[in-house]
Amino acid sequence: MGYIHCCGGMRETKSFSLFPSDGFVLCDMDILAECPVCGHYVIQLTRIDNTNSLSTIRLTNNKARKFWSRAKSKIMYEHSKYDGCLFTNRGTFYLGYSEFGVKKRCYSNLSNLRLGIS
C-alpha cells in the first residue's frame, strides 16, 4: 500500500510493480482511484535507473486513464496491504517470576542445574 500526496494530505493508493523498461532497475506505480477532496484520478510512476537516480511521473484524470490502459500488460504483481508487516497475537514482555514470586527455572539450560550441590 503506497501513498500519494494530493490536496494537502497523504492518500492511500494501490501499488503495483512493473517490468522495468530500458535502463531502469525498479519501476513502481501508485494509483489513487479518487481523491476524497478534489475527485481526481491520479497515477504516479516511480523509477530508479542504473545510476540510482530517481524519476517520478505524475498523471491525472484522462491522461492517467490512458496510461493505465497501456500499463496493465506490464504489471508484475500488486503490492499487498500488509507487505513488510508481521502481526503477532502476543507481546514481547516476559516475566521471569511465577505468580508466587519465585524465580522461574529453565531446565533446558544445563548450566543452571545444580545437581548434588546443597
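Residue numbers start at 1 and run along the sequence shown.
- F19 contributes atom CZ, which lies 9.5 Å from atom OG of S73 (distance to the nearest 0.5 angstrom).
- By the side chain to side chain contact (heavy atoms under 4.5 Å, CB included) test, A71 pairs with M29, F67, sequence neighbours left out.
- Taking the side chain as every heavy atom from C-beta outward, K74 and P20 never approach each other to under 4.5 Å.
- Judged purely by atom type and a 3.5 angstrom limit, T13 has no side-chain atom pairing as donor or acceptor with the backbone of D30.
- M10 and L32 are assigned to two separate hydrophobic clusters, defined by single-linkage of ILVMFWY side chains at heavy-atom distances under 4.5 Å.
- Atom CD1 of residue I57 and atom NZ of residue K63 lie 12.0 Å apart, to the nearest 0.5 angstrom.
- Here the CD atom belonging to E78 is positioned 8.5 Å from the CD1 atom belonging to I31, to the nearest 0.5 angstrom.
- To the nearest 0.5 Å, atom SG of residue C7 and atom CZ of residue R11 are 6.0 Å apart.
- Closest of all the heavy-atom pairs between S17 and H79 is OG-NE2, 2.9 Å.
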N/O donor-acceptor pairs under 3.5 Å from side chains in residues 34-50, not counting sequence neighbours:
from : atom 1 : to  : atom 2 : distance (Å)
D49  : OD1    : T51 : N      : 3.3
D49  : OD1    : T51 : OG1    : 3.1
D49  : OD1    : N52 : N      : 3.3
D49  : OD1    : S53 : N      : 2.8
D49  : OD2    : T51 : OG1    : 3.4

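- Checked against the 6.0 Å centroid criterion, the rings of Y3 and H5 do not qualify as a close aromatic pair.
- Cluster annotation: L18 is connected to L59 through the hydrophobic network of ILVMFWY side chains, with a link wherever side-chain heavy atoms come within less than 4.5 Å.
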